[in-house]
Structure formats: C-alpha cells, structure tokens
Amino acid sequence: MEVKEVKRLLLYLLLSMLSGTVAAQTFSAKVVDARTGQPLPFASVYGGPGIATITNAEGEFSVSCDSATMLRISYVSYRQQALRAGQMPARIGLATMDIELQEVTVMPIAPLIRKVTKETLRQLQKNRKKKANFFYRQTSFQDSTCYEFAEAFVTGRSAVWLRELNLTNGRYAAIKSDSTQQYSYYTNFYTNSEIEIASGSKDYPKDNALMPLARFYKYFYDVDYEVIRDDSTRLFAIHFKPKRHVRRNILDVTIYVDEQTLHLRKLEGVSRNQVILHTEGAIGKNKLKRWLIPSECAFIVNMTEERGFLEVQSVFASECHQQGEKFVETRSILYNVGDNYMPPGESGKEKKKKKEKGQQMEFYGNLHNTITEQGYDHRFWRNNPVVLRTPLEQQVMELFERDNLFGLFR
C-alpha cells in the first residue's frame, strides 16, 4: 500500500472516530431530592445554547447532545451539580442548601422588600421589550381520567413575568363522547402562567390581583424570611402570607431572591380567591355554557438569565375543583425555548411565517378556538416533545394520535 493511501486511510479512520465521539445522543435521567428520594419537577438542565430542557412533573428529563457535554442540573434552594452526559447516572440526587441561623441573618424586612421591588421593576423596565418563544402543554383530568390534551407554541414578553402571549402553533385533542355525555374545560387556563409579581403604583389595584412586591404589601400580607446558602450562593426566601381579612385575588407565595443581585430566582405558592373561565357543553355541539368559577391554583415559576437578562424560564400551574360528583383537575407547563423551537424538517421561511400569523391570546380568550382557526399542522409537531412527557401523558398522546383525534375538539 502506498504512503498516500495509508495517510488517507488513517485520516478517514480518525475522522470516523471523531464523528462517533461528537455524534449527538439522547440521554435521560431522573432528578430527585438526595435525602428523601422525591422527584424534583421542573429542574433546569443546561448544556449550552440549544442544549437545554427541564424535568417533567415526575422529575424526568431527556436531552440530545454528545457524551462529552457538561450538563448543569439546578433547582432553586438545592445545590447545583455539573455532570458529563456520558457519565450521568439514572438518578441524580440534589442536596438542599443550608438554612442560616436567624441570629446571623437578622435584617429588617421592609428595607429588603423595598430593594427587591425596586430592582425587579428596574429589570422589567430595562428589558420590557424582550420576547421569547414558549412551549405550552395542558392536560385535563376528570376522576383521574385524562380527557383533554393540548400543546402549543406561544410568543410573549418574557422579562420578569409573562405578558402579551400570542399563539404561533398549537394542537389539541379530547376523548369523544356520545350526545348525552358532558365535558368541561378551561378555555383560558394559560393565563395562570401570567403571574404578575410587582407594582410601582402608590395605590393598590382595584381590578387586578394583589402583588407582594408593592408599596401596599403590609396591609395585605404577613411577611417573614430566612436565608439559605451553599458554598457560592446566598438566597433570601421571603414568605408572603395573606392576612385573614383579604377576600380578593392574592398570591400566597414564597419568593427566592439572590442576595448579590437582588434578582428573582423562583416563585412558589398558590393564587387564592381567583376565578377561571369555565366552559361546558357536549362535543360536536355549538350550545356551550360559559361562566366564572372560584378557583385556587398552585404554581411554580423559575427564572433564568441564560440570555443575558432576567426572564421567565418555566411556569407550572395546577388547579382542581369538585364539579357535582366529579373531581376535575387541570395542569399546565410552560417552558422558555428562546429562539430554538423549530422542529427538524421545517425551514426558516416556514418558521417566520408561523411567527407572522401569531394570534393574540386574550385574558378571557379561547385557546381551543384559536388553535382551530389556524388548523393542525402534522409536520410541525412531528418529533417535537421539547419537555419529556410523563408516562401518563405519553399514553394519552399515543391514544389521541392512534385514533386521529387531534383537531376534532371544539
């Protein structure tokens, strides 16, 4: 064999080895509390631009990258871990941060809240025009049976809290029923992702929800806080508990704030005394009844600064109520995908076209009707899970796809 052929063969083998090393693979794991073993839902998994996701409601995630990629697993109030994808165990246990002794961390609460409020509003004003794409998934259950499944991509202003959401593409399905069977669903459940947290007004709002980071918080909230820390980070965990006299829509919430930057890291709590637009009717019928029903909705909001400014990373919402003899629950997850939402096979021109035809989602709007107006695009949704489905969600998804139910719900 000639020297040139030997060199060519060696080069080919080297390139083959390198291509095998960097080839993208799918890596999956479950993130849990290291002490209790309980799953940590909606934890952040970040391996660099275009390599990011969050865990689902059961703490599981799946991400595509090469085996050498360093994945950063983080969950607010827990110690972060960095692991190479190829060396990642099936269960990743995160340890909780330490709580500082109160006598070490004593600080007047009023000045702290004023500083956090000022910085939050400053961040909002500075980045108010910033937008992001979000993946949205909604499931509804009646007596533990999933009867509705919806997924959508939306755009919205993402700095500090979500607002001005617009639908770019969506799909939904519901289990068929006969003419006598009734179903119920929330047409505007996505509004539970728009959790406003701060206000610079001198007076409390007359129509909107009461916000914890505002001048009037003392009248509506009992407040205390604690400090948690690890080797490099110190967080204020500020607890806002509504006072007994409050009968309006209000947040019962814990806000996690970075001590150094005073930036929000996480919100976790319940929206009390709220109402949700409720629609009831028979599938295939146009005679629908709509009304507002009392509701309390649990939520978790995670923040990120991966794109250089403070914005919403993910929002989880869960609401349940009794309807006659039936127990109804609706859950949603909304995840910030930045500009990376185009599934394989779709051109940049098609992506731009979808952005241009986005439709605004009003507070009392109907997500299902808005999706119907756009139509169901099979190509767009092929191989595009974004956030790993739970086993139950996957089972329901396969049922709806097998029976070709997407787009039949109205």
Novice: Show, in sequence, the C-alpha distance, side-chain angles and deciding distance for Thr120 and Gln123, and conclude whether the side chain to side chain donor-acceptor pair (under 3.5 Å) test is met.
Specialist: CA-CA 5 Å; Thr120 300; Gln123 285 291 317; over 6 Å; no

Novice: Salt-bridged, Arg79 to Asp98, with N to O below 4.0 Å?
Specialist: yes

Novice: Nearest 0.5 angstrom please: Asn336 CG to Phe135 CZ, how far?
Specialist: 13.0 Å

Novice: Just wondering, more than 12 heavy atoms not from Gln395 lying within 6.0 Å of its CD?
Specialist: no

Novice: Salt-bridge test for Glu268 and Lys266: reply yes if a basic N is under 4.0 Å from a carboxylate O, no otherwise.
Specialist: yes

Novice: So does Tyr219 have more than 12 non-hydrogen atoms from other groups sitting under 6.0 Å from OH?
Specialist: no

Novice: When you compare the side chain of Phe216 with that of Lys202, does any pair of heavy atoms fall below 4.5 Å?
Specialist: no

Novice: Can you give me the closest heavy-atom contact between Ala82 and Met70, atom names plus distance?
Specialist: C-SD, 3.8 Å

Novice: Taking all heavy atoms of Phe141 and all of Tyr147, pick out the closest pair and write down the distance.
Specialist: C-CE2, 3.6 Å

Novice: Is it the case that over 12 heavy atoms from other parts of the model lie below 6.0 angstrom from the NZ atom of Lys130?
Specialist: no

Novice: With a 4.0 Å cut-off, would you call Arg389 and Glu151 a salt bridge?
Specialist: yes

Novice: Is it true that Arg229 and Glu259 have a side-chain N and a carboxylate O under 4.0 angstrom from each other?
Specialist: no

Novice: Under 4.0 Å between a side-chain nitrogen and a carboxylate oxygen: does that hold for Glu305 and Arg265?
Specialist: yes

Novice: Would you call Arg272 and Asp252 a salt bridge, taking side-chain N to carboxylate O under 4.0 Å as the test?
Specialist: yes

Novice: Check the pair Thr96, Asp33 against side chain to side chain donor-acceptor pair (under 3.5 Å), reporting the backbone distance first and the verdict last.
Specialist: CA-CA 8 Å; Thr96 56; Asp33 183 298; 5.8 Å; no

Novice: Run Tyr136 and Gln138 through side chain to side chain donor-acceptor pair (under 3.5 Å) and show every step you take.
Specialist: CA-CA 7 Å; Tyr136 178 79; Gln138 177 178 321; 2.6 Å; yes

Novice: Determine whether Arg157 and Glu164 satisfy the following criterion, salt bridge (charged side-chain N to carboxylate O under 4.0 Å, His left out), listing intermediate values before the conclusion.
Specialist: CA-CA 6 Å; Arg157 300 197 184 276; Glu164 299 179 27; 2.9 Å; yes

Novice: Classify the ring geometry of Phe220 against His245: parallel below 30°, tilted from 30° to 60°, perpendicular beyond 60°.
Specialist: tilted

Novice: For atom NZ of Lys115, decide whether the heavy atoms of other residues, nucleotides or ligands shown that lie under 6.0 angstrom number more than 12.
Specialist: no

Novice: Just verifying a value: how many Å separate Arg114 CZ and Leu262 CG, rounded to the nearest 0.5 Å?
Specialist: 13.0 Å

